[in-house]
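One structure is given below, encoded as structure tokens.
Naming: A, B, ... by sequence-line order, numbering from 1 per chain.
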There are 2 protein chains.
Amino acid sequence: MNNLMPGQRRTTIKDVAESAGVGVATVSRVLSGGSASAETRERVLAAAARLDYRPSALGRNLRQQRTGGIGLLVPDITDSFYARLTDGVLSCARSYGEPVTLGVTGDDPEREAELIGTLIEQSMDRVIAVPSGDGEMWAPALRAGLNVVFADRRVRADVPGVVADDRAGLRTALEYLVGLGHRRIAFLGRHGQSQRVAAFTETLTSLGVPADPGLVVHARASRDSAYAAAAGLLQHRPDLTAVLAGGNMLGEAAVLAARELDVRIPRDLSLVMFDDVPWAELCSPPLTVIAQPAQDVGYRAAELVLRQGRRPRTVTLPTELVVRASCAPRR
Amino acid sequence: MNNLMPGQRRTTIKDVAESAGVGVATVSRVLSGGSASAETRERVLAAAARLDYRPSALGRNLRQQRTGGIGLLVPDITDSFYARLTDGVLSCARSYGEPVTLGVTGDDPEREAELIGTLIEQSMDRVIAVPSGDGEMWAPALRAGLNVVFADRRVRADVPGVVADDRAGLRTALEYLVGLGHRRIAFLGRHGQSQRVAAFTETLTSLGVPADPGLVVHARASRDSAYAAAAGLLQHRPDLTAVLAGGNMLGEAAVLAARELDVRIPRDLSLVMFDDVPWAELCSPPLTVIAQPAQDVGYRAAELVLRQGRRPRTVTLPTELVVRASCAPRR
DNA sequence: AACCATGCTGGAATCGTTTCCATGAACAAC
DNA sequence: GTTGTTCATGGAAACGATTCCAGCATGGTT
């Protein structure tokens, strides 16, 4: 069968070997930094350059029983927080020359499981995930030898993770709100943020404010769901005076819902949002936020998963309360 | 302490064959829908399920000389437009079960070339790209048999593409601005938007407004660069009365720069922004925008690159002018 | 009974790379 | 001159799948 395809056959290591007058083993050694005589090395390099040879990752990976590259699972790439996290991962991966395969889970455990399956099929051995389901779901992946690092959330103690110190950020924000006289403070969270919710109620109690379970609401990782949750909260509980939004999409939803229902920020309602985004400053009023180092979280997670030498437990990155104009004393 | 279990070798097709008492060829046939007797099929399926067998994509790809999956190259994943585009690609790819490998070019042709190299190394045969450099750069990739689809921009006539009809959107926006009495209208664009710039000057001329080259400014794909360009424009040309921002990041930069320089929108300056984003409505004032179907662009591009049967030339998707409150008659 | 058509099956080749191992040469030490 | 030792080197065996091809049984037709 001669080359009937317009796209000609890929140049292989064999072609290089032939062209350089050496064996394939020698070519492989030269190209991967093994030992070889200066003269041979030069001949091989010249031949490789002449033929524009690029080693096939397929062959290499099959032989070495591992696919290079990193799998990255986030709930929603449209969310600025996860986009920045992704950017951090990419920027670290680039310096290692590792490709990144992206999957969105939509905070749906079923989809997450499906994506994990795909990753295993691809023989990916490194994964960074913002987990949606419970930790159990990751057992098969770990058994398969997958190298997992969690980002933003942790659902298993035996898997390293990189998270922002939202507990501290939350405490600062709540102290601020309580100091302004607020007592009925709602938490508008996303599914999978159980830890954040727990921290919320604990901190509130420790500040002398009784917890009210009706003031904690959850949404899925989509704009519509966030809006529905925010609007529902504001309609059902007109008595609340402050809202803590657990993400930028939820904050956005809260602002929108408040406008729709003619609730004035900050006169009628104070709002603090997790995650600083560029538009928070552009918003009317500019939003007080708990800034999170999303990009760093991604970068550090990538570092962790790439330098798999030692296994640190968990990296916690600081958060910062940025006060703007969306909070006022309780009337 | 490594968590590598001894003897945890991956289960291969050979194991399944042995366990089912058939040859490997038969297993392969059964699993890929070939012909086999009902009894054999059942035995193989049972064995595969029992051993939790997953075919290795590596072996398959090596044999078939192609890596499944799609490579996606965008200038900046942090930009809402490209994030939505990416979301569209992922959502289409998911229904085909194809993994997506993401790379950010930062609108840098050099980085783009580097990423193309990586994709070829991975034997990726399908790529969706928002091209940054000129069309020449894609010649080697096309020669290597890569299946390329451009999104958002087109730089080669022989490569199919999916774009938004920004020419029409631009015309509508400019008619609106000119109708409000504006004459000195600036374009704040990004590198690689030469076509958009050309459309801008042409349209302006056709509306009877002389083009002023000094009113066209370019930025790279980063927030800092966008801000620098916007601030520079406003400082150097205090005579302009309207700005058309070529992307949401540029619009954001324009709003920020205007505030910083105490230029009031829309009293002193009218602003129209390409691409509708959720915060455009939250902004003060709410921004008039040319809405672009970013997600659809991604989805359609993925469809095009996956259904490589026929090769349509170009898909153009409609845009829409959404009038809010950032434009006013010229004083 | 002889023949062919049909359909299922498994051995073996193949994809492109890395890596093990044997070979042979050069050289030093005795 | 013989024996080790150290290199560079290339042949061949993996890796895990698909697929060609030949073998074999079955059943129908002459």
Side-chain angles (χ1 to χ4, degrees), chain A residues 1 3 5 7-45 47-48 51-69 118 120-125 144-145, chain B residues 7-45 47-48 51-69 120-125 144-145:
Chain A
M1 157 169 48
N3 36 345
M5 289 283 277
Q8 65 279 41
R9 200 175 51 83
R10 178 190 184 107
T11 65
T12 74
I13 198 174
K14 217 169 161 185
D15 301 321
V16 179
E18 208 169 310
S19 165
V22 298
V24 289
T26 306
V27 176
S28 173
R29 254 181 316 240
V30 168
L31 262 37
S32 50
S35 70
S37 77
E39 194 232 334
T40 316
R41 154 167 282 111
E42 198 178 330
R43 274 227 310 284
V44 169
L45 257 31
L51 299 178
D52 189 30
Y53 168 67
R54 282 167 195 285
S56 153
L58 251 47
R60 191 206 329 274
N61 293 340
L62 177 57
R63 175 61 223 241
Q64 327 203 113
Q65 295 277 66
R66 43 155 284 221
T67 298
T118 310
I120 295 181
E121 236 167 59
Q122 305 286 325
S123 303
M124 287 253 161
D125 50 359
Chain B
Q8 267 292 348
R9 201 176 48 84
R10 182 191 179 103
T11 66
T12 75
I13 198 174
K14 217 169 160 185
D15 300 322
V16 179
E18 206 169 313
S19 166
V22 298
V24 289
T26 305
V27 176
S28 172
R29 254 182 316 240
V30 168
L31 261 37
S32 50
S35 70
S37 75
E39 195 233 333
T40 314
R41 157 167 279 111
E42 198 179 331
R43 272 227 312 283
V44 170
L45 257 31
L51 298 179
D52 189 30
Y53 169 67
R54 282 169 194 284
S56 153
L58 252 46
R60 188 204 334 274
N61 293 339
L62 178 56
R63 173 62 222 245
Q64 327 203 113
Q65 294 278 65
R66 41 155 287 218
T67 299
I120 295 182
E121 237 168 57
Q122 306 287 325
S123 303
M124 286 252 161
D125 50 359

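We find that CD1 of A/I13 is positioned 19 Å from P of D/dC15, with the value rounded to whole Å. Atom pair A/Q64:CD and D/dA14:P shows a separation of 17 Å (rounding to whole Å applied). Atoms CG (A/D15) and P (C/dC15) sit 11 Å apart, rounded to a whole Å. Taking atom CG of residue A/L62 and atom P of nucleotide C/dG16, one finds them 12 Å apart after rounding to whole Å. The CD atom of B/E42 sits 13 Å away from the P atom of C/dT9 (whole-angstrom rounding). Summarising the geometry, the separation between CG on B/L58 and C1' on C/dT18 is reported as 13 Å, rounded to the nearest angstrom. Summarising the geometry, the separation between CZ on B/R63 and C1' on C/dA12 is reported as 11 Å, rounded to the nearest angstrom. When the C1' atom of D/dA17 is taken as reference, atom CD of A/Q122 falls 13 Å away, rounded to whole Å.
Closest heavy-atom contact between A/D125 and A/G69: OD1-O, 4.3 Å. Closest heavy-atom contact between B/R43 and B/A20: NE-O, 2.9 Å. Closest approach of B/R10 to B/R54, counting heavy atoms only: NH2-O, 3.3 Å. A/E121 and B/P55 make their closest contact through CG-O, 3.3 Å (heavy atoms, listed as atom of the first residue, atom of the second, distance).
Residue contacts for B/A25: at a heavy-atom cut-off of 4.0 Å it reaches a base atom on one of the strands shown. B/S56 comes within 4.0 angstrom of the backbone, heavy atoms only, and of no base. Using a 4.0 Å heavy-atom criterion, one finds that A/G59 contacts the bases of the nucleic acid, with or without backbone contacts as well.
Residue side chain A/R60 does not reach the base of C/dT17 through any donor-acceptor N/O pair under 3.5 Å, judged by distance alone. No donor-acceptor contact under 3.5 Å links the side chain of A/R54 to the base of C/dG16. Residue-to-nucleotide contacts include a donor-acceptor pair under 3.5 Å from the side chain of A/R29 to the base of D/dG10.
The shortest distance between side-chain heavy atoms of A/D52 and A/T11 does not fall below 4.5 Å. Contact check for A/S123 versus A/N61: no side-chain heavy atoms found under the 4.5 Å cut-off.
Summary of the strand contacts: B/P55 and A/S35 both lie near DNA chain D, and taking for each the nucleotide with the nearest heavy atom, the more 5' one is attributed to A/S35. Each of B/Q65 and B/T26 lies near DNA chain C, and the nucleotide nearest B/T26 is the one positioned closer to the 5' end. Position along DNA chain C of the nearest nucleotide to B/T40 versus A/Y53 favours B/T40 as the more 5'-ward residue.
Annotation: the terminal axes of the helix from C/dA1-D/dT30 to C/dC30-D/dG1 meet at 70°, where each axis is the rotation carrying the C1' atoms of four end pairs onto the next four (5 pairs per end, rounded to 10°).
Going from atom OG1 of B/T26 over to atom CD1 of B/I13 covers 9.5 Å, rounded to the nearest 0.5 Å. From A/L62, atom CG reaches atom CG of B/L58 across 5.5 Å, with rounding to the nearest 0.5 Å.
In this model, the phosphate group of D/dT9 is approached by a side-chain N or O of A/S37 to a distance below 4.0 Å at OP1 or OP2.
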